[in-house]
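Read the structure below first, then the notes.
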Amino acid sequence: MTSLVGTVQIGVLLVIAFAAFALTAWALVDALRRPAGAFTAAGKRTKTFWVAILAVAAAIGFVSLPPISAAGLPGLLGIVAVVAAAVYMADVRPAVRQFGGRRGPRRDDRGQGPYGPW
């Protein structure tokens, strides 16, 4: 019974570690795709600042993946990395999206005429 509980715990920790890394990597890629002027136009810190913060967060998320995390490195640093990515995704990204970075028409705008759908 004890080994079953340990196996489930390890599985949950693996899922959390991969989700944390995916979040930090997604935030980094999103910040890299946005134009630099959008950050200042939205009243946020510069693109360089956010890319640097998110690159460090993604590196910490990568190091937190197994088998490297078996050395006991992640812990508090992993939590700080996820918080940095979450702040970007919840606060900065919505503000920056309003100022460009999209290419092509939005999916819901296709097939629209000047007065509504065709």
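Heavy atoms only: backbone and side chains are in, while hydrogens, waters and symmetry mates are out. Positions are given from 1 along the sequence.
- With values rounded to the nearest 0.5 angstrom, R34 atom CZ is found 8.0 Å from F39 atom CZ.
- The two residues P94 and M89 make their nearest non-hydrogen contact at CD-O, 3.4 Å.
- By the criterion of side-chain heavy atoms lying less than 4.5 angstrom apart, applied directly or through intervening Ile, Leu, Val, Met, Phe, Trp or Tyr residues, L65 is not grouped with L13; the two fall into different hydrophobic clusters.
- Contact detail for L23 and A86: the closest heavy-atom pair is CD2-N, 4.4 Å.
- Distance CG/L54 to CZ/F49: 9.0 Å, rounded to 0.5 Å.
- The CH2 atom of W26 lies 10.5 Å from the OH atom of Y88; values are rounded to the nearest 0.5 Å.
- Closest non-hydrogen pair, T24 versus G61, comes out as OG1-CA, 4.5 Å.
- Considering L14, V15, I10, I16 in turn, I16 is the only one that fulfils the side chain to side chain contact (heavy atoms under 4.5 Å, CB included) rule with V12.
- The distance from the CG atom of D30 to the CZ atom of R93 is 4.5 Å, given to the nearest 0.5 Å.
- Side chain of K44 to backbone of A95: no donor-acceptor contact under 3.5 angstrom is found.
- Hydrophobic cluster membership differs between V51 and V29, with clusters built from Ile, Leu, Val, Met, Phe, Trp and Tyr side chains linked at under 4.5 angstrom.
- Contact annotation: the side chain of L32 approaches that of L28 to within less than 4.5 Å [non-hydrogen atoms, C-beta and beyond].
- S64 approaches G78 most closely through the heavy-atom pair OG-CA, 4.4 Å.
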